[in-house]
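Remarks on the structure that follows.
Below, chain A is the first sequence line, B the second, and so on; all start at residue 1.
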Number of protein chains: 2
Amino acid sequence: MKPSLSIFREVLYHLPPTIARLQREAINPDATLAVNGFIKSIRRQKRVSFAVLSDGSHAQGIQAVFLDTSLTDGLTNGTSVRLTGKIKDSPGQKQDRELLVDAVEILGGCDPETYPIQKQTLSTEYLRENMHLRARTDNVSAMLRLRSRLMHSVMNYFNTQGFYFTHTPILTGNDAEGAGETFRLAQFADPQLDRPNQTSEFFGHPAHLTVSSQLHLEALASGLSRVYTLSPCFRAERSQTNRHLAEFWMLEAEWMDVNREGVQGICGLVEDSLKSYASDVIGGQDVEVLWKDVDEVRRKTLENSLSGTWARMTYGDAVKALQDAKNVTFEFEPQWGCTLQSEHEKWLSEIFIGGPVFITDYPRDLKPFYMRANEDGETVGLLRPDSSVREERMDVLESKMRKNGLGLGKHEYGWYADLRRYGGSPHVGFGMGFERLVAWLGGIDNVRECVPMPRWASKMLL
Amino acid sequence: MKPSLSIFREVLYHLPPTIARLQREAINPDATLAVNGFIKSIRRQKRVSFAVLSDGSHAQGIQAVFLDTSLTDGLTNGTSVRLTGKIKDSPGQKQDRELLVDAVEILGGCDPETYPIQKQTLSTEYLRENMHLRARTDNVSAMLRLRSRLMHSVMNYFNTQGFYFTHTPILTGNDAEGAGETFRLAQFADPQLDRPNQTSEFFGHPAHLTVSSQLHLEALASGLSRVYTLSPCFRAERSQTNRHLAEFWMLEAEWMDVNREGVQGICGLVEDSLKSYASDVIGGQDVEVLWKDVDEVRRKTLENSLSGTWARMTYGDAVKALQDAKNVTFEFEPQWGCTLQSEHEKWLSEIFIGGPVFITDYPRDLKPFYMRANEDGETVGLLRPDSSVREERMDVLESKMRKNGLGLGKHEYGWYADLRRYGGSPHVGFGMGFERLVAWLGGIDNVRECVPMPRWASKMLL
């Protein structure tokens, strides 16, 4: 099974260069080549006309120059064209290269009267309603490219740390959080049943859409030690905030805690990975486009957070700081034993610390059964994003599962207990909404603009 | 927004090396270090004992050598341990390096009487029933690492060709094939409705699980030109074959056909990409493990297919060849206008061609509405895997949609027609089951062994 690799290494097929490559790579200025794309804007003058051509591969597209202005007949915003000509360094300030056009082929016309993506600024809400065409706008296409780049960054980072990418199931009989609104599959009309309108479960028992891959990742980590996934998750939440989607993508990782670092190890890896993603994308043109209209304070906050070491504080200290806070009135009074509210987290990060902060050691009763209790028996290691040291002690886990009414049967949580019963060992993990990561690095307010085709309560287009 | 990258480039956190790294990288033979993992096997002799320690990062794990045999007290297969010692070059034949153990810490015991993953060979069916622990076996962990490696290969390949990775929606109002069994979400009890037991749709209209990302990718391609995804897809199929899962992952790509190459361009990219993935993984230890028990003929077939250029033939020629075939009896008689059966494809590839073959130019009526009809009006470009030139002509598409009863309303296919109405252009795409790719390169018979936690009719564990 070791054929000489050279026999099939040769590249057989190359797609023609995208505009991004034409803008970036060495070009023969005398070669005639064809560029496909759609017209973003067009400016007709007496002796020369200009158009911006985009194929979505590059934030600026490329400027097309028409010395024969009749070539632009029939070209309107949105028209798909094939332009043939030569690539030249641009004498203009705004772009590096331009295409001197010899010939135009119209591939698909576009009625300027009804085209939904007009040149003027379109509201976010309007673009959400025209979701099928919004990838043609500057901001949405920059977000999509950023997302793709981040996906590569995430995979490179975890690969370097010895993790394997895994695909955890979407359909499951479990509910990792032991609570919360989950989507459920409808039953099917069953041809094998005699009575009419009788329905049955396709899998023989109820199937839900996953809310988190954590428990499945723990099973895979019992074999592979370090695993992660970027997987769709689903919550049937009716809240209409700018941080919630019914369908979202979650980056989740699970690994054996070789050196028993506990939450401090999670903090280390999370901070390191986020800074690594940031260094991959910041300074790039897509991030420039996205941050163009974002206020200076937010920009400064991101920059600062990337240069310093991130703070870590316990929940107890956080509550104390909140209670001692001057010049601020909270809607919810901070109190030991209660969940930290968004307003509390915001104050801690923005005012008290002035940067990102990990909050650790939460009260045990606020958190799910799978989190390992600290030796004090009252708190569990935790931080934002949702992370924890997993409970690996069989007896403690079983008693907590019993208390939570989680059964140990075949279609219940017996398998999860087995992971401890047979050679379990200390392990940790975290989950992070991928859209929130895109929002953070892209300076985007609403997660609905951080995923190609968002779904939320009462809204599912396409 | 261009902070000096150096300010946050420093690596802050390193997980300790995995066994794969200890086997591969330069090691100080005098350094004492700790290795975590679980015991795969143990062999006790009078003066020295040996164990194979695995952390799932490496096909062979590492041999642990105990000169003090009392250190192995309490160690059984499946026990999780932390072994401390020195890494040495192994005098044995079977492994490169070994760990000379000074100290043992048992992290999680494992009752050898009830441990489901015994050392003897376990049947595939048995391991499916013990899905939560099967990642500890040689074959399943090799498959998981191969899957992860392939994921990297796929992303590298498409990145090189100028594609962007996108996340298409899982929940959708559409059904890309216009037919077939799809899963549907159950309705919710609606607190806003007065009557008891009244239910409603969470999104206001029915939601299905996606069967293919194609139509959504076409929308994104209208902005980004070249997009792909590796996304879960769902089919409520009751057939229990070794090629079908209810939940599977599909690699799908969609791109603008700049040079109007049509199906020949798809053939070029598919062949090139598959050979590229193969060259990334073949010769690696995981593939060696997986092919260990596969017969020589199959191995030879894969090797041959990687060295030659793949055949391309039209559906018409294929049917003629099938009709002229000697020394073979087909269950289904080959006939122009009928679907090619598996037995036909198998004969064409294995006997007639002796390697992979693309079949193009299928009869139009066998194929979905979105495929572009050839100029003869009777055939559509197509090949295996499922691929086609998309119908970009607005009038042709609309008439085909009408014929198929596909509405143009807001929650129907109006948006899909819009992609042609506003600057559409020639584009092509394909879809390929990721599990089938894993099966092909891993020499695995059944797709149930090509995904971590398979789901099929009546079967959904965990």
Side-chain angles (χ1 to χ4, degrees), chain A residues 1-3 5 7-9 12-13 15-16 18 36 38 55-56 78-80 107-108 110 115 132 135-136 141 148 151 161-162 164-165 169-171 183-186 203-204 219-220 223-225 232 247 249 258 268-269 272 275 279 283 291 303 306-307 415 422-425 453 455 458 460, chain B residues 1-3 5 7-9 12-13 15-16 18 36 38 55-56 78-80 107-108 110 115 132 135-136 141 148 151 161-162 164-165 167 169-171 183-186 203-204 219-220 223-225 232 247 258 268-269 272 275 279 283 291 303 306-307 415 422-425 453 455 458 460:
Chain A
M1 202 53 202
K2 279 183 182 156
L5 291 191
I7 53 174
F8 53 94
R9 255 297 189 196
L12 297 163
Y13 185 77
L15 285 176
T18 57
N36 283 29
F38 60 94
D55 63 0
T79 305
S80 272
L107 300 172
C110 184
Y115 184 42
H132 57 305
R136 286 192 162 196
S141 72
S148 178
M151 180 89 186
Q161 293 276 16
Y164 290 98
F165 191 99
I170 312 304
L171 297 175
F183 288 104
R184 196 184 170 300
L185 289 195
F203 296 106
L220 295 169
L224 294 183
S225 295
E247 173 181 305
W249 288 75
V258 177
L269 189 128
D272 189 35
K275 289 182 174 178
S279 77
W291 281 87
E303 283 181 27
L306 295 174
S307 55
W415 66 272
Y422 300 115
S425 72
M453 294 165 184
R455 278 89 179 80
S458 305
M460 178 184 61
Chain B
M1 203 53 201
K2 280 182 180 154
L5 292 190
I7 53 174
F8 55 94
R9 253 300 189 194
L12 296 163
Y13 185 76
L15 285 175
T18 58
N36 283 30
F38 60 94
D55 63 1
T79 306
S80 272
L107 301 172
C110 185
Y115 184 43
H132 57 303
R136 287 193 161 195
S141 73
S148 179
M151 179 90 185
Q161 292 277 17
Y164 290 99
F165 191 100
H167 288 116
I170 312 304
L171 297 175
F183 288 104
R184 196 185 169 298
L185 289 194
F203 296 106
L220 296 169
L224 294 184
S225 294
E247 173 180 306
V258 177
L269 190 128
D272 189 35
K275 288 182 174 178
S279 78
W291 280 86
E303 282 182 28
L306 295 174
S307 55
W415 66 271
Y422 300 114
S425 72
M453 293 164 186
R455 277 89 178 81
S458 306
M460 179 184 62

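The two residues B:G423 and A:C110 have their closest heavy-atom pair at N-CB, 3.8 Å. A pairwise comparison of heavy atoms in A:R136 and B:Y422 identifies NH1-O, 3.5 Å as the closest pair. Across every non-hydrogen atom of B:D55 and A:S225, the tightest pair is O-OG, 2.7 Å. Of all heavy-atom pairs between A:S80 and B:G424, the closest is CB-O, 3.6 Å. Residues A:D272 and B:L12 share a closest heavy-atom pair of OD1-N, 3.1 Å. The nearest pair of heavy atoms linking B:L185 to A:L185 is CD2-CD2, 4.1 Å.
Going from atom CE of A:M151 over to atom CE of B:M151 covers 4.0 Å, rounded to the nearest 0.5 Å.
The contact between A:P169 and chain B is made by backbone and side chain atoms together, counting heavy-atom distances below 4.5 Å. Both the backbone and the side chain of A:Q161 come within contact range of chain B, with heavy atoms under 4.5 Å apart. Contacts between A:F38 and chain B at a heavy-atom distance below 4.5 Å involve the side chain alone, from C-beta outward.
If you tally non-hydrogen atom pairs under 4.5 Å between each of A:G268, A:G108, A:A186 and chain B, the highest count goes to A:A186. Ranked by heavy-atom pairs under 4.5 Å with chain A, the list B:T18, B:L269, B:T79 is led by B:L269. Chosen from A:G204, A:A219, A:G162, the residue pairing most often with chain B at heavy-atom distances under 4.5 Å is A:A219.
Under a 3.5 Å cut-off, the side chain of A:R455 and the backbone N or O of B:L171 do form a donor-acceptor pair.
Classification of the A:H132-B:W415 ring pair by plane angle, with boundaries at 30° and 60°, yields perpendicular.
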